[in-house]
Engineer: 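Sharing a structure here in structure tokens format.
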Amino acid sequence: MSDFELLSPDGGALSSPFDSVRGGAGGASGARGADPLLDGLNPPQARAVEARGPALLIVAGAGSGKTRVLTHRIAHLIRNKEAWPSQILAITFTNKAASEMRERVAGLLGDAAEGMWISTFHSACVRILRREAERFGYVAGFTIYDSADSRALLKRIIKETEADSYGFTPANTSAKISRLKNELSDADTYAATANEADPRERIFVEIFRTYEQELRRANAFDFDDLIGQTVHLFRSHPDVAAIYQRRFRHILVDEYQDTNHAQYSLIRELTRSVDPDTADRLVPPVREREVDGTGAIPGASLTVVGDSDQSIYAFRGADIRNIVEFERDFPGAEVVKLEQNYRSTQNILSAANAVIGNNFDRQEKNLFTTEGDGEKITGFTGYSQHDEARFVAEEIEDLHRAGLAYGDIAVFYRTNSQTRALEELLIRSAIPYRVLGGTKFYERAEIKDAMAYLTSLANPYDPIAWSRLLGVPKRGIGPMAEAQLAVFQEAQGISFHEAMLRADEIGFGPKVRGAILGLGELLRAARMAAGGGGTEDPEVEKKPTPVADVLKLILDETEMIEKLRAKRDPQDEARAENLEELVSVAREFDVRNPGAGLLEFLTEVSLVAAADELDDQSGTVSLMTLHTAKGLEFPAVFITGVEEGLLPHQMSVDEIGGINEERRLMYVGITRARKRLYLTLASTRATYGDIGVAMPSRFLQEIPDSLIDWRQTPGEVTSRGGTESRALNAPRGEGRSGSRSSRSSGRPESSVVFGRGGGSGAAAVAEPASGNMQSALDKWRERKRLAKEAQAAGGGFPNLVGTSIRDNGDLELAPGDRIRHEDYGEGRVTGITGEGSKRVAHTVFDSVGERKLLVKLSPITKVE
DNA sequence: CTTATGAGTCTTTTT
DNA sequence: GACTCATAAG
């Protein structure tokens, strides 16, 4: 109940909490006239802060200051005493966005910001579900299944129902179930409309139904349930819904264009009014000022922020109609458009506008800035992805030398698999980087193993966690023993932990029984240590034990780390380190959340998003997918792999609206850049292990030629990679260093060239102006044909730079040595820094000048 | 019951 | 080319 203390303050107290808060932002000490919260906002922004009414849609183009508007709007509501912090619910897309918003609101309001709910959809729902779980057959300690857990469960179900012969796989089944859940469907609803005559349909219904039952038995929710079950809870328990409908008077939703039907429904439920009857039954009783004339509590005011041009999550159910039809959905809604961009240069915005303008089904909207043109966009086509990555690495070094911090640079790509080539070159070049998302820390096998123990402590009925921990470390408990235990557990209706402690009732061999009993004892001890319910002694459960201590106990007792270290595989050392890292993550959590327990830790871990890993202080280049990049910004941005089949992705080409969504993805990528934007591609790309030819993306042709300064156009790519490619990169003609800032009036020249296209004979492409996309394309097509022939002839490609892992660990280098590098040719070492495997050779190459090289991994040899 | 080997599948994008 | 999975041998 403590959450509600601030809910219905009496009139006198209303003003008191705010008196001490003054001038958090502006410092305009108490002046009545100019509102510091509106200071420096443009008219539409100010309107978005001040507008009141039942519903507000803020159409916020990229970089138009929407976070500022949102935070100021919240602060404005509170500062004007229109709302208490506890009456605010703000939903963001990632935890990082949530904490940023929380910090910024706190910066404006100070302590007065305490008590607001600022979180993601999923976190907010977990909070509600944990509180209300008992009302519908769950326990507060429920487990959250991530997609891997769901798939593990589905795998078992598919096997048991022998559905695999019908083409059901964990992946496709999970995708289908997820899609249905996002539509708020369930097995029964689906069964009602399913075609009974189709055996595949019948089987799917059976799988779906079993999956639902198993989740419930496991006391677990999957990701989609978190939203869907909350909606379900609200709809089936109006009295519970009323608690939240009453409490939240102002609901703000960010990235509204990416909400799916379930999330939309959740918002609808939360903003519903409470009818007089239900309001009457509420505890504590409603006050007069909370209700309208009829005794009903009016619905909360709703503010949504979004940009339909940035809708990129259709694949997981995001429905663009939510934002497009907002005005119809919420009558009386006001719409404010923010079009002035405060992030990027005009050149970058022009490119973005040009690309997105090709989406016919959108509302006209044009971003503009008063910042000036800035530098041109840089284009580069590598021969291979290796070549492309090399360019990225070199350019990053150049930017860094020019004074840009590594942390100001980001590299985007469409698919996670593109990281490999990039990473390789970044490592070699001794550039600090980090990959956001991808195979996340928490998805690593050893981390999941350790986490399974913790999950099982919190939820001893969770079969996925339990089954996982049985096998790690190896202790002789195999599938047979597991199955028998599971049967026993189900028959007795007890937890897995209890079942293990009663292993002697099942009749195992002495060795297996010993192992099971030992493990059961360990879990019991750990459960007691964690302060969980397994204790008879009521004295014991007081303050929760630090999560790190529980984890340490498990790791020590199971000797997981030692056992990894004892193995030969060098990968296992890294795994051991990951486990140690997990302990420090837990320790940090304990410090950050004193009084929180295992459950909070598990929840937090389950809901981390890729972008949450971003740390502004890290001083490293950030690598991420275009999806992860949404909502972020960087002074310098590389978008790599701008090729047909990759961006737009092959998979999207046949989907309806697929290309438009890919185009929005491109748009999102471009608009992340503040000052410098690079678009890179490769003319060949390895997929599935063998090398295919790649075409430049259609999106490149949608950008006016005058905006891109091509260092190497698709047509110029030579089939000879390696050292000589540099000659082609070298500045040509007037050189690019001098007249880079072509005035806004200076575009005719290149557009004339552009228009010439067509005829293959327009040959003289080798001329200085490298920015001719059309003829470049022709040339490129010719190359592609040749390349295909060459490959068909079995000759393969000449000079393909090997990607084999090398190790120069023992190579001794000293200043003055001459070395030969596969890509850069010969050069002289000027200095060595770093220790052991992190030794870096600073080298001046004859052809390309100064480079940093990681000695251990660079393709170098010493020249005598 | 664990481990080694080979075949088969796969790659969009994520909370 | 990498990873998972099934099969067979230790």
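Please read these numbers as outputs of a predicted model, since none were measured by experiment. Note on naming: letters A, B, ... go to the chains in the order of the sequence lines (proteins, then strands), and numbering restarts at 1 for each one.
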Engineer: Expressed as a whole number of angstroms, how long is the span from A/R179:CZ to B/dT14:P?
Structural biologist: 18 Å
Engineer: Looking at every non-hydrogen atom in both residues, tell me the closest pair between A/A458 and A/L599 and how far apart they are.
Structural biologist: CB-CD1, 4.1 Å
Engineer: Using a strict threshold of under 4.0 Å (side-chain N to carboxylate O), is an ion pair present between A/K66 and A/E255?
Structural biologist: yes
Engineer: Starting from C1' on B/dT14, measure out to CZ on A/R151 and report it in whole angstrom.
Structural biologist: 11 Å
Engineer: Is the side chain of A/T640 donor-acceptor paired with the backbone N or O of A/F412 at a distance under 3.5 Å, no angle test?
Structural biologist: yes
Engineer: Round to a whole Å and report the spacing from CG of A/L470 to P of B/dT2.
Structural biologist: 11 Å
Engineer: Mind listing the N/O atom pairs, protein and nucleotides 11-13 of chain B, below 3.5 Å?
Structural biologist:
residue	atom	partner	partner atom	Å
B/dT12	O2	A/R414	NH1	2.7
B/dT12	O2	A/R414	NH2	2.2
B/dT12	O4	A/E655	OE2	2.7
B/dT13	OP1	A/N416	N	2.7
B/dT13	OP1	A/N416	ND2	3.3
B/dT13	O4'	A/R414	NH2	3.3
B/dT13	O2	A/R414	NH2	2.5
B/dT13	O2	A/H627	NE2	3.4

Engineer: When we call it a touch if two heavy atoms are under 4.0 Å apart, what does A/K155 touch: a base, just sugar-phosphate, or nothing?
Structural biologist: sugar-phosphate
Engineer: Report the distance from atom CE of A/M624 to atom P of B/dT14, rounded to the nearest whole Å.
Structural biologist: 11 Å
Engineer: Taking C-beta and beyond as the side chain, do A/N416 and A/T625 meet within less than 4.5 Å on heavy atoms?
Structural biologist: yes
Engineer: Roughly, in whole Å, what's the span from CG in A/L607 to C1' in B/dT14?
Structural biologist: 13 Å
Engineer: So which of A/D462, A/N219, A/T455, A/T603 actually passes side chain to side chain donor-acceptor pair (under 3.5 Å) with A/T143?
Structural biologist: A/D462
Engineer: Using whole Å, report how far CG of A/D254 lies from P of B/dT15.
Structural biologist: 15 Å
Engineer: Taking NZ, NE, NH1 and NH2 as the nitrogens, is one of them in A/D449 or A/R575 under 4.0 Å from a carboxylate oxygen of the other?
Structural biologist: no
Engineer: Hey, which sits more toward the 5' end of DNA chain B by its nearest nucleotide, A/R475 or A/F93?
Structural biologist: A/R475
Engineer: Specify the closest pair of heavy atoms between A/G306 and A/Q257, including all atoms of both residues, with the distance to one decimal.
Structural biologist: CA-OE1, 3.2 Å
Engineer: Please give, in whole Å, the distance from B/dT14 P to A/D222 CG?
Structural biologist: 18 Å
Engineer: Could you pick out which residue, A/T169 or A/V512, lies toward the 5' side of DNA chain B when each is mapped onto its nearest nucleotide?
Structural biologist: A/V512
Engineer: What is the distance from NE2 of A/H122 to C1' of B/dT14, rounded to the nearest Å?
Structural biologist: 9 Å
Engineer: Expressed in whole Å, how much space separates the C1' atoms belonging to C/dT4 and B/dT13?
Structural biologist: 22 Å
